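To start, the structure itself, in structure tokens.
Computed from a predicted model, the values in this text were never measured in an experiment.
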4 protein chains.
Amino acid sequence: MSTAVEARGPGRPRCEGTKQAILRAAYDLLEEGGIAAFTIEAVAQRSGAAKTTIYRWWPNKGALAIESFLQVVEKQNPFPQSASAIADLKTQLRGVARLFRGRVGQLVSSIMVEAQTDPETRRAFVDGYLNPRRAAARKVFERGIASGELRAGLDFDLACDALYGAIYMRLLLRHGGLGDAAVDLLAETVLDGLRPRPAP
Amino acid sequence: MSTAVEARGPGRPRCEGTKQAILRAAYDLLEEGGIAAFTIEAVAQRSGAAKTTIYRWWPNKGALAIESFLQVVEKQNPFPQSASAIADLKTQLRGVARLFRGRVGQLVSSIMVEAQTDPETRRAFVDGYLNPRRAAARKVFERGIASGELRAGLDFDLACDALYGAIYMRLLLRHGGLGDAAVDLLAETVLDGLRPRPAP
Amino acid sequence: MSTAVEARGPGRPRCEGTKQAILRAAYDLLEEGGIAAFTIEAVAQRSGAAKTTIYRWWPNKGALAIESFLQVVEKQNPFPQSASAIADLKTQLRGVARLFRGRVGQLVSSIMVEAQTDPETRRAFVDGYLNPRRAAARKVFERGIASGELRAGLDFDLACDALYGAIYMRLLLRHGGLGDAAVDLLAETVLDGLRPRPAP
Amino acid sequence: MSTAVEARGPGRPRCEGTKQAILRAAYDLLEEGGIAAFTIEAVAQRSGAAKTTIYRWWPNKGALAIESFLQVVEKQNPFPQSASAIADLKTQLRGVARLFRGRVGQLVSSIMVEAQTDPETRRAFVDGYLNPRRAAARKVFERGIASGELRAGLDFDLACDALYGAIYMRLLLRHGGLGDAAVDLLAETVLDGLRPRPAP
DNA sequence: CGCTAAACGAGACGGTACGTCGAGTCTTACT
DNA sequence: AGTAAGACTCGACGTACCGTCTCGTTTAGCG
């Protein structure tokens, strides 16, 4: 496995160009028109591939959407790494919100739509996008606890959802802004808690 | 308003039975099969109404989904009213999560799907469901601030989204539970904040 | 009948204006767009009458079409009355062809379409339009036989259909013209027969 | 043409079985219920084909009706070929009338209905059915003129319409019979003309 | 170098749902 | 009772995608 070249049977190998064209077309369609414009038929037409070819490699719309999304998004928005965990958290939160305000927001909401129908898509999104980012966030949290910036007992999962859930909710329902100021205020609100603090 | 008979023009009045049958069928379909099963054709068939009749009164699937949802849900889950604002908040949060775990969750996620395609549906959901509940929540927050249970300067909108956003996110992505314990912990986390507290 | 007022039961009498408006609208629609544009809905809209009112007085589209047609056409194209029966026949044939080239052709073909679906319409057309004209034609034929212009033994019905059938066929299939010259030639052809004539 | 294999582009070839099933269903429906029963929906259902497939190959009802009609009727009723042109004419006329009395009559009248709405159908009927038969009839006429059975100067088109027009008219309006006797008399009437003949 | 086998394009096919139109029936208020 | 208004059921329209299928063509590795 280590040295062996990928074992391959006979027959024509998969055409990488076609694959990329399909993923690219899928991404573009999602970005341009959201889930409504994202049609296998349209992907085929735009990519120049045959519908058959698409169905050969992706079992359904969700799988294709996810893969086209992940491929582009995977390298984006790495967690910053500064002296202050809290600062890093805020920076990252701002980054996510900025992406969600732009084209990535369209992609994410589309995939979440697809995920409501197709459990496989949901799982793929959670495993391929959400959880890796949460794992990275967890690191920051732990760093913050170690440094004393964050309190020790906090429940990471719920803290994370409180921060990100607000952003996801606003992405989907647009009842509130996703600007830097709003996100900073969100971070402060959750960091400080809702209860009054005794004067130090 | 009190004495005036509802002014009505000529023509056969709208058949209330049909309207209710349609709304009922729409609700049932959404509950049973989610957005995938929610088809105008299916609603027509199940309700016994003609497709034309449905299109006469609702411009699209979203409008029908929303109305059927609101009609059923409107009387549910009134905000509790106890001595403690915080306790009320927690109770209400638990209630929402409980609903989301059940059939209402199916409805809400379906409508949010529809809302991603149709802005009118999004607006209807926000105005007809979300905002009224937020307004009620705001009252509780204000009560809490007045009583000293909550700190004075907090941003209500973001606090609210931190609490509810986590629940919505979990409804849609199912990466975390919505049980009473989880929700209680969420409330505690957001109430107490993430920063360490100086010992009193 | 002369002095007596039309005996009438209780209730509001039929509104003659409405009836005329309906017939007029029906006629206009038929003339403008043929059978495709002739819709009860359209008649109602254009005439300002309610669909119910139309259905009260006419059992179906065909009946309305026929009546609106007959009312207008009834007074047209009376058989000429000259010294020569053959000349009268030719004149009349020209007249029919001229009408068929124009708006009446649209009406007649539309009604014949309707007649293929609704036997009542067929009967109404035959009894109300075709047969009266054939009866008038028969008079001419008989005059011609009496005067020696036409031969004695001829079968009136078939002679008539040979003359008019060609015109109806061309109205419907448009494979040949309906100009005066063509019609004259038709008359001559049928009058003279296809067999060679011994020189007088 | 003789040796060349039918050139064919890429893609799955058209399924001949489906095509035939559709044409057959169309024919049967027309025959059974006339134009009223002839619905794309019904054709699809009866043939087992999808509506889409029908629309892929035929632009509208008329085109399908025509093709299903021609395919069946094309091989019927070839012009007879005896010593006497007049006898052949009569035989053929009888044949047409016999067909029109039966199922073909239903088909023809249905197509003529469709033709009143759709010019393409009219043209297809005239070119695909009427004109070929007229061309064959012309041959007979010419033979008759050559043999002296028919007079030399006659206008073929109008003579033809006089003979066939009567039959078409009776098909559509049913105001007269189409039995053998009637048709024979029709032929005699047109052959002999309406004017008295000088004794030979 | 030819054989085998998979990838690929093209596009036909059976379906499901869409949103619209018109037919014909009905229920109501007004005259 | 006649009429306008308009709600209602029903059936068909023509369209868009779905996911599957059957072709002919291409592109590799293996014998």
Atom pair distance, as rounded to whole Å: CZ in D/R14 and P in E/dG14 | 11 Å
Between F/dC18 (P) and A/W58 (CH2): distance, integer Å = 15 Å
Once you round it to whole Å, what is the distance between C1' of E/dT16 and CD of B/E41?
-> 8 Å
Spacing of C/I40 atom CD1 relative to E/dC21 atom P, expressed in whole Å = 18 Å
When we call it a touch if two heavy atoms are under 4.0 Å apart, what does A/T18 touch: a base, just sugar-phosphate, or nothing?
-> sugar-phosphate
Taking F/dG2, E/dA12, F/dG11 as options, the one with an atom nearest any side-chain atom of C/W57 is F/dG2
Starting at atom OH of D/Y55, determine the distance to atom C1' of E/dG15, rounded to an integer number of angstrom.
-> 15 Å
Which residue lies more 5' along DNA chain F, comparing A/T52 with C/T52 via nearest heavy atoms | C/T52
If you check the A/C15 side chain, which of E/dG11, E/dC26, E/dA7 turns out closest?
-> E/dA7
How close do D/A42 and D/A37 get, heavy atom to heavy atom, and via which atoms?
-> CB-O, 4.0 Å
Between E/dC18, F/dC21, E/dG24, spot the one nearest the side chain of B/K61, thanks.
-> E/dC18
Salt bridge present between A/D118 and A/R122 (N-O < 4.0 angstrom) | no
Correct closest heavy-atom pair for B/S110 and B/L30 would be CB-CD2, 3.5 Å
d(CZ, B/R56; P, E/dG22) in whole Å = 14 Å
Base, sugar-phosphate, or nothing for B/A49, non-hydrogen atoms under 4.0 angstrom?
-> sugar-phosphate
Given the side-chain rings of C/F69 and C/Y129, with only the six-membered ring counted for Trp, is the space between their centroids under 6.0 Å?
-> yes
When all nucleic acid strands are considered with a 4.0 Å heavy-atom cut-off, which category describes B/T53: base, sugar-phosphate, or nothing?
-> base
Between F/dA12 (C1') and D/K51 (NZ): distance, integer Å | 7 Å
Separation of C/Q45 atom CD from F/dT3 atom P, in whole Å?
-> 20 Å
Short N-O contact, A/R46 and A/E32, less than 4.0 angstrom | yes
Choose from E/dT25, E/dG15, F/dA4 the nucleotide whose nearest atom is closest to any side-chain atom of D/A50.
-> E/dG15
